[in-house]
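As the structure lists them, so they are numbered: ligands from 1, and atoms in each ligand from 1.
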Amino acid sequence: MKTRLRILFLSSEVAPFAKTGGLADVSSALPKALYDMGHDIRVIMPKYGCINDRKYVLREVIRLKRVKIKLGENDHIACAKSAFIPDSKVQVYFLEYKPFFGGNDLYVDPETGTDLPDNAERFGLFCKAALETIKLLHWEPQIIHCNDWQTGLVPWYLKHEFNKDPFYANCSTVLSIHNMAYQGNFTADNLELLGIGDNYKDGISDLKHHNSINFLKAGILTADKIVTVSQAYADEVLTDPEIGAGMTDYLKSRNKDFEGILNGVDYSEWNPETDSLIAEKYSHNKPESKAHNKLKLLEKCNFPTNDNKPLIGMVSRLAGQKGFDLLQAAIKDIIALDVRLVILGLGEPAYHDALQKICKTFPKNVALFLQFDNDLAHLIEAGSDMFLMPSRYEPCGLNQMYSLKYGTVPIVRSTGGLKDTIIDYDQDPENSNGFSFTPYNKKDMVDAIKRAVAVYNDQKNWQKLIKRGMRADYSWSVAAEKYVKTYLSLVNNKKHK
Ligand code: ADP
């Protein structure tokens, strides 16, 4: 008989409630896949001001009206509400503590692009509160699955503060790292706010990173298992100190407990056959309807609709990792290929300025939307011919997998998850599903786009390429099975202790 595991999934963002990037997609899709496999899975996330109680039908939970969290000298009283991930039976608890999470922003002040000043305290509190919440629920998970630095203190607290509490004695922890570059690195004076004083000698060395404290390091050193989101990225962070971003040695010290598991796609959200956010549904058996989506997207961009120039889409956080400096350097050469570009993005102000300049210089070829817009993200997937991801590094990347399903041919830099999912047309024509380039330079990127345009002009082969991509299956079931295997290894290990 299959073991039904009790799994607590902790994340700072979960789609559709609050999202800045792929973490939210994963934090919705993986719990749903685990639920469908029969596991008892519950999610805890912060209740940000931007989460609409009414829209998502958040309900009070009597037992969780007063969640008391001791952080340093301060006793904070939070509460938790609950709702289900839409169209699922996965229960989410929203930790409500207005002084820390009442604002709309998750981590960064969008005006200045700088981190919120109290992030250490905010997420320190979230970690402790999650542990208090399950205790109040009298629900004892076997696995606590943490995600990224925001939850990095959970295994740390379990090891250094709650280690004598029998309630947590059977909990094992998994930390998934979705991006090694975001670490929760704070000045050491935050130790006091977190209530971590001299009595935590061992604990402090697990937390200190040079002269700072680092939540991700704490998670890496104290979680029972560490996962990152593709095999190629797992290899890269161990071998390339730049991609490892200061965590390489810590990860090496945990090598036997560290693995790469490629994220999946939630096809209930990202599938042109069922997607109600696009102009017309379509499938690999009926790809003609994709043209109607292109038409709608061209209209939205104020581009002419009566020619057949290739349309390249980009949907991305505007951050250094995503290759917008390459795009900036190469834009003239890209436009010279007689293509059009639609970019949807939000992020660092410097990239906003740079992209606005590009758009002003090439208004006939570049359409820019500086916003977060899920509906438009879907239309761009459906209406574009190609999808560009020239990332400097990419832990997994979801958009290239969404693109495959939408018959939108990915052009990617071969790194991390992009390397694990995209097979280049010229390297392996029979099995290819896109175009890729490896050296991070303008020439190789332009060359990849040029090669894509050449095949686009040879529609017979283009259609074959599209169909290969659309038929591929990147659903979550494969990844969820791998996570369960990891969970089970921990549960069995506890039993034999
Ligand atoms: P990352 O997690 O690094 O941001 P991923 O490719 O893993 O990158 O996931 C990005 C997710 O965020 C995708 O679902 C993508 O559609 C979405 N996204 C990014 N920027 C925007 C935006 N401006 N508007 C709507 N969706 C966006």
Side-chain angles (χ1 to χ4, degrees), residues 11-30 50 106-108 110 113 147-150 176-182 228-230 232-233 243 245 260-272 275 277-278 297 300 313-324 342-349 351-352 355 367-384 387-406 408 410-413 415-422 434 474 476 479:
S11 180
S12 58
E13 49 185 279
V14 179
F17 308 112
K19 166 168 171 175
T20 68
L23 171 62
D25 294 12
V26 173
S27 302
S28 172
L30 177 54
C50 60
L106 275 58
Y107 328 114
V108 172
N147 290 276
D148 281 350
W149 71 263
Q150 293 88 342
S176 283
I177 304 176
H178 301 261
N179 194 327
M180 208 63 67
Y182 296 91
T228 193
V229 288
S230 68
Y233 187 65
I243 299 184
I261 299 180
L262 188 75
N263 286 333
V265 174
D266 182 351
Y267 288 123
S268 71
E269 292 292 327
W270 295 95
N271 180 353
D275 190 340
L277 301 176
I278 62 176
L297 182 56
K300 170 111 189 148
M314 292 181 88
V315 178
S316 180
R317 285 184 301 113
L318 302 182
Q321 110 188 48
K322 298 292 184 179
F324 286 97
V342 47
I343 305 168
L344 168 63
L346 192 68
E348 293 172 26
Y351 293 112
H352 286 215
L355 289 174
L368 176 64
F369 300 91
L370 291 175
Q371 64 213 49
F372 195 93
D373 184 338
N374 187 47
D375 294 12
L376 183 56
H378 281 250
L379 183 63
I380 290 176
E381 284 293 3
S384 304
F387 197 94
L388 181 60
M389 296 178 78
S391 305
R392 190 181 281 275
Y393 70 90
E394 192 61 74
C396 176
L398 292 169
N399 277 116
Q400 81 281 13
M401 293 189 272
Y402 300 161
S403 298
L404 290 174
K405 195 68 183 171
Y406 283 78
T408 301
I411 304 170
V412 306
R413 170 144 188 275
T415 177
L418 298 173
K419 187 172 171 182
D420 283 354
T421 50
I422 302 305
Y474 286 98
W476 262 102

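Distance from atom 23 (N) of ligand 1 to its nearest protein heavy atom, with residue and atom name: Gln371 O, 2.8 Å. Of all protein heavy atoms, the one lying nearest to atom 20 (N) of ligand 1 is Ser316 C, 3.4 Å. Atom 14 (O) of ligand 1 has Asp25 OD2, 2.7 Å as its closest protein atom, hydrogens excluded (heavy atom only). Protein heavy atom closest to atom 4 (O) of ligand 1, with residue, atom name and distance, is Arg317 NE, 2.7 Å. The nearest heavy-atom contact from the protein to atom 2 (O) of ligand 1 is Gly22 N, 2.7 Å. Of the protein's heavy atoms, Asn399 OD1, 3.2 Å lies nearest to atom 15 (C) of ligand 1.
Within the 4.5 Å cutoff, the side chain of Leu418 has heavy atoms near those of the Met389 side chain. Taking the side chain as every heavy atom from C-beta outward, Asp148 and Ser12 never approach each other to under 4.5 Å.
Note on ligand 1: Lys19 sits in its first shell, one or more heavy atoms being nearer than 4.0 Å. Residue-ligand proximity: Gly397 is placed with a non-hydrogen atom under 4.0 Å from ligand 1.
The aromatic rings of Tyr351 and Phe324 are tilted relative to each other, their planes meeting at an angle between 30° and 60°. By the 30° and 60° cut-offs, the orientation of the rings of Tyr393 relative to Tyr233 is parallel.
Between the side chains of Tyr107 and Glu13, at least one donor-acceptor pair of N or O atoms lies under 3.5 Å.
If you look at Lys322 next to ligand 1, the close heavy atoms, those under 4.0 Å, all belong to the side chain. Neither the backbone nor the side chain of His178 comes within 4.0 Å of ligand 1, counting heavy atoms alone. The residue Phe369 has no part lying near ligand 1, judged by heavy-atom distances below 4.0 Å. Looking at Ala319 against ligand 1, nothing comes within 4.0 Å, counting heavy atoms.
For Thr20, no nitrogen or oxygen atom sits less than 3.5 Å from a nitrogen or oxygen atom of ligand 1, counting backbone and side chain alike. For ligand 1, one of its N or O atoms has an N or O atom of Leu398 under 3.5 Å away.
Judged by distance alone, the side chain of His378 and the main-chain N or O of Trp270 form no donor-acceptor pair under 3.5 Å. Remark: side-chain polar atoms of Arg413 are paired, donor with acceptor, to backbone N or O of Arg392 under 3.5 angstrom. Judged by distance alone, with hydrogens and angles left aside, the side-chain atoms of Trp476 form no donor-acceptor pair with the main-chain N or O of Leu30 at under 3.5 Å. Thr408 places a side-chain N or O within 3.5 Å of a backbone atom of Glu381 that can act as its donor or acceptor partner. A donor-acceptor pair is defined here as one N or O able to donate and one able to accept, closer than 3.5 Å; no such pair exists between the side chain of Tyr474 and the backbone of Tyr267. A donor-acceptor contact shorter than 3.5 Å is absent between the side chain of Asn263 and the backbone of Val229.
The closest heavy-atom contact to atom 24 (N) of ligand 1, among the options Asp373, Asn374, Asp375, Val229, comes from Asp373. When the heavy atoms of Trp270, Tyr393, Phe372 are ranked by distance to atom 21 (C) of ligand 1, first place goes to Phe372. Evaluated by nearest non-hydrogen atom to atom 18 (N) of ligand 1, the leading choice among Leu318, Leu346, Leu376, Val315 is Val315.
Close approach to Gly345 involves these atoms of ligand 1, each under 4.0 Å from a residue heavy atom: 23 (N).
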